[in-house]
Amino acid sequence: MLNRTLYFLRRFLLPQWLYFGIVILTGLVAAASSGLGIPLMIKFVFPLVFRSPGAPPELLTLCPALEHLAPATILLLACGSLPALFLIRGVAQWSNAYMVNYLGIRILEDLRMTIFRRVQELPLSFLEREKKGDILSRITSDTANVQNILGTIANDLIKQPITCASACAAFIYLLFSTGQGLLLLVNILLIALAAWPIIIFGKRISNRALQAQRSNGALNSVLQQNLETQREVRAYGMEERQIRQFRRVADGICTAIIKLVKYQRGIIPIIETVSSLALAFLLVRGRQAGMSLPDFMAIAGALFFLFDSMKRAGNAYNRFNEAQGSLHRLAEILFTPNPLRDPEQPQHLSQPVRGELELRGVSFRYSPEAAPALRDIDVHIPAGQIVGLVGPSGSGKSTFAGLIPRFYDPSEGSVRLDGTDIRRITQHELREHISLVGQQALLFNMSIRENILLGKADATDDELRRAAEAAAVTPFLSQLSGGLDSPVGEGGNQLSGGQRQRVAIARTFIRNAPILILDEATASLDAESEHDIQQALDRLALGRTTLIIAHRFSTIRAAQRILVFERGRIIADGSHDTLYASCPLYRELYDRQGIAES
Ligand code: ADP
C-alpha cells in the first residue's frame, strides 16, 4: 500500500511541485495564524486592552519599546492586530483552497490521461476479462476519488498537522510559563486517547471504500449492459430481472457506504469528548492554581486548536484511507504487466510488404490456468493466398486470426510476417499492413467520408471514389441527402447493418493492406446485402493474403485453401475437394450446413 501511494505521489504530485509548494506555504501561514497566532494574541495582546491597574501587561515587558507609545496608540494597535491577523489568515486560507483545487484538477487530468493511455495499450485479454462498465467507472469515478484525496493530502494532511504542531507549541509554552506541568502530562494521555480511533478505523475505512468502489463499477457494468441490450431485454421480457440485478448491486453500494460513514464519522465524537475532558481538567486546575482569565483563555484557545486540528487531520487521514480503495483499482490498470511491448530496437519490414505468414510451433492459452486454445500450430501461408478457417465453434479459429495482428502473443512458438518474427517489429508497423472486417462494422460518429478516410487520411478524391464504388457504397449514397458527407450517428446507427458493413469495407479498400482478416463479415446481413457484400469482399481479397473465419461455407467459396480446426489443432489442410474426400469432420460440417441451407 505504501509503495503504491508513494508511486502515485511521485508520479502525479511531484511534477506539480511549484503549485504544491504554494499550497504548503499558504497552508503554513493559515495554520500558524490559527494555531499559534490566536492563543498568543489572547495571552499578550488582549491584556493591553484590559490591563489591571499597576500590572504591566506581558507584551510591554517583552517589548519595552511599546512603553513610549501613547496609550491610545497602543489601544489602536492592539485592537487592529485582531483584524490584521484574521486578514492574513483569510487570504492564506483562500489562496490555499484555490491552489488545492487547481492542483486537484491538474492531477485529475493527468491521472485520467495516464489511465486512458494505458487502456489503449493493455493486453486485449485484460480488457476482455474486465467488464467495460467497470473500466469506465475506474476512469471516471475512481480518478475523481483520487483527485479528492490528493487535494486533501495537499491541504489538510499538511495544514492540519502544522496547525496541531503550532497549537502544541503554544500550549507547551503557555503551560510552562504558567507553571502547569501536570496539565501537560494529562493532555499527552488525552491526545493518545484521541489518536487511537484514527489509527484503528483507518484499515476498515480503506476496505469498505474498496468494496464501495467495486460495487460502483459493478453497477456501471449492469447499467451499460442494460442500455446496450435494450432490444433483447424487452423482447425477452427481462425488465424485472434486470431491475432486480440492478437493485442487488445498488444495495451492495449502500451497505458499503453506510459502513464507511459509520467509521468515518466515528472519530469526530470521540475526539470532541476527549477534548471536552481536557477542557474540564483545565478548568479544575485553573481554579485550583488561581489562573488569570487571559492565561486560562490562552491555554483553552491552544487546546481548542490542538484538538480541532487533530479532528480535521484525522478526518483527512480517513479520506486518505477511503481513496486507497480507488488507488487499488487504478493500480490494477496501471500496474498490469503488458506482455505486448514493442522491442527496444525494432526491425523494419522490407518494402513492399508481401504478406507471407508463417506460424511455427505455436501454442496459446488465454491464461496460465486455462486449457490451450491453440496447440502445435505449424502453418505457412504464401503471400496473396486466400485461406478459409473452418471448424466447430470454440475450436480456435478467431484465436488463430487474433495472433496475426498481435492481439495476443503465442505462449510458445512464433508468428512471422515476410520471414520476420512479428515481435521484432512495432505493433504500429505490423498493424499498418493488416485490415480487419468483423461481423458488426463499427463506425465512428463522423461522416461517411471521414469514416472511409480513417483507412488512409491522405487519400485523393479519386481513391475515395474508387473505394466507395468497389465496396458498393455508391448506390446507397443517392438515398442520403448529404451523400458522402452524411453523418453516420453513434456507432453508425443512422445506417442499416449492410450499409455500415459497406462503409467498413470501403475503409479497408482504401487502406490497401496486404493482409486481410474477415471474421463473419456477412453473418448479420439479409440475403441481398449479403450477396452484394460478398462480391465486394471477393474483390477486396484479390491479391491479398486473406484469412476468412468461416462459420458458413458460402463465405469461403473464393478460398484457395482451407484449414480445419478441432480443439485448438489444425487437423486438415487443403482445397475443398481434397478435404471433402479425406477429412470426415470437414465433410460432416459441410454436409450439415448444406442441409441447413437447403
Ligand atoms: P472459434 O473462433 O473457433 O469459435 P475461439 O478462438 O473464439 O474459437 O475460442 C477458442 C477457445 O478459446 C474456446 O475454448 C474459447 O472458450 C476460448 N476463448 C476465446 N476467447 C477467450 C477469451 N477472451 N478469454 C478466455 N478464453 C477465450
Side-chain angles (χ1 to χ4, degrees), residues 119-135 221 224-225 228 332-333 336-340 357 359 361-379 381 386-413 415 422 427 434-442 515-524 537 546-556 559 561-574 576 579 583-590 592-593 596:
V119 169
Q120 308 311 303
E121 57 181 39
L122 271 179
L124 283 183
S125 51
F126 176 87
L127 298 175
E128 282 162 4
R129 199 171 56 235
E130 300 295 323
K131 297 185 176 114
K132 273 192 238 157
D134 187 59
I135 294 180
S221 29
Q224 199 210 7
Q225 206 185 23
E228 277 177 1
E332 275 176 359
I333 292 190
T336 293
N338 185 4
L340 294 170
L357 293 171
L359 282 83
V362 167
S363 294
F364 176 76
R365 302 169 186 268
Y366 278 95
S367 60
E369 57 286 353
L374 289 175
R375 341 167 182 226
D376 309 323
I377 304 284
D378 278 293
V379 65
I381 302 174
I386 301 177
V387 181
L389 312 181
V390 169
S393 179
S395 56
K397 304 180 292 291
S398 306
T399 308
F400 178 90
L403 290 177
I404 312 299
R406 255 192 107 190
F407 289 157
Y408 323 100
D409 271 341
S411 317
E412 282 164 47
V415 178
I422 58 173
Q427 293 167 63
I434 301 173
S435 287
L436 291 164
V437 184
Q439 198 174 104
Q440 304 281 351
L442 283 178
I515 299 173
L516 178 64
I517 298 175
L518 304 177
D519 186 354
E520 280 291 276
T522 55
S524 55
L537 287 174
T546 306
L547 302 181
I548 308 174
I549 302 173
H551 298 263
R552 289 168 314 148
F553 283 78
S554 56
T555 55
I556 51 163
R561 176 183 177 190
I562 292 162
L563 303 176
V564 184
F565 285 77
E566 188 182 27
R567 277 187 250 133
R569 288 180 204 277
I570 296 179
I571 57 155
D573 175 354
H576 167 76
L579 292 177
C583 177
L585 175 65
Y586 182 78
R587 193 164 50 242
E588 188 196 322
L589 289 171
Y590 189 86
R592 205 191 300 157
Q593 208 161 84

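Atoms within each ligand, like the ligands themselves, are counted from 1 in listed order.
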Engineer: Got the closest protein heavy atom to atom 2 (O) of ligand 1, with its distance?
Structural biologist: Ser398 OG, 2.7 Å

Engineer: So, for atom 27 (C) of ligand 1, does the protein have a heavy atom nearer than 4.0 Å?
Structural biologist: yes

Engineer: If you count the atoms of ligand 1 from 1 in the order shown, which ones are under 4.0 Å from a heavy atom of Ala373?
Structural biologist: 11 (C), 12 (O)

Engineer: Taking all heavy atoms of Asp409 and all of Leu403, pick out the closest pair and write down the distance.
Structural biologist: C-CD2, 4.1 Å

Engineer: To the nearest 0.5 Å, what is the distance between CD1 (Ile515) and CD1 (Ile434)?
Structural biologist: 5.0 Å

Engineer: What atoms of ligand 1 come closer than 4.0 angstrom to any heavy atom of Ser393?
Structural biologist: 4 (O)

Engineer: When rounded to the nearest 0.5 angstrom, what distance separates CD1 in Ile548 from CD1 in Ile562?
Structural biologist: 9.0 Å

Engineer: What residue and heavy atom of the protein are closest to atom 23 (N) of ligand 1, and at what distance?
Structural biologist: Glu128 OE1, 2.9 Å

Engineer: Can an N or O of Gly396 be found at a distance shorter than 3.5 Å from an N or O of ligand 1?
Structural biologist: yes

Engineer: Just to confirm, does any protein heavy atom lie below 4.0 Å from atom 16 (O) of ligand 1?
Structural biologist: no

Engineer: Got more than 12 heavy atoms from elsewhere within 6.0 Å of CD, Glu566?
Structural biologist: yes

Engineer: Find all atoms of ligand 1 within a distance of less than 4.0 Å from any non-hydrogen atom belonging to Thr399, and give their numbers and elements.
Structural biologist: 5 (P), 6 (O), 9 (O), 10 (C)

Engineer: For ligand 1, which atoms sit closer than 4.0 Å to a heavy atom of Pro392?
Structural biologist: 3 (O)

Engineer: For the OH atom of Tyr590 and the CG atom of Leu579, what is their distance to the nearest 0.5 Å?
Structural biologist: 12.0 Å

Engineer: Tell me the closest heavy-atom pair linking Gly361 and Asp378, and the distance in Å.
Structural biologist: N-OD1, 2.8 Å

Engineer: side-chain contact (heavy atoms from CB on, under 4.5 Å), that's the test. Do Phe565 and Ile570 meet it? Break it down for me.
Structural biologist: CA-CA 5 Å; Phe565 285 77; Ile570 296 179; 3.8 Å; yes

Engineer: When only distance counts, is Gly394 in polar contact with ligand 1, meaning an N/O pair under 3.5 Å?
Structural biologist: yes

Engineer: Identify the closest protein heavy atom to atom 19 (C) of ligand 1: which residue and atom is it, and at what distance?
Structural biologist: Tyr366 CE1, 3.4 Å

Engineer: Is Arg561 atom CZ crowded by more than 12 heavy atoms from other residues, nucleotides or ligands, each under 6.0 Å away?
Structural biologist: yes

Engineer: Using distance alone, determine whether Ser395 and ligand 1 share an N or O pair under 3.5 Å.
Structural biologist: yes

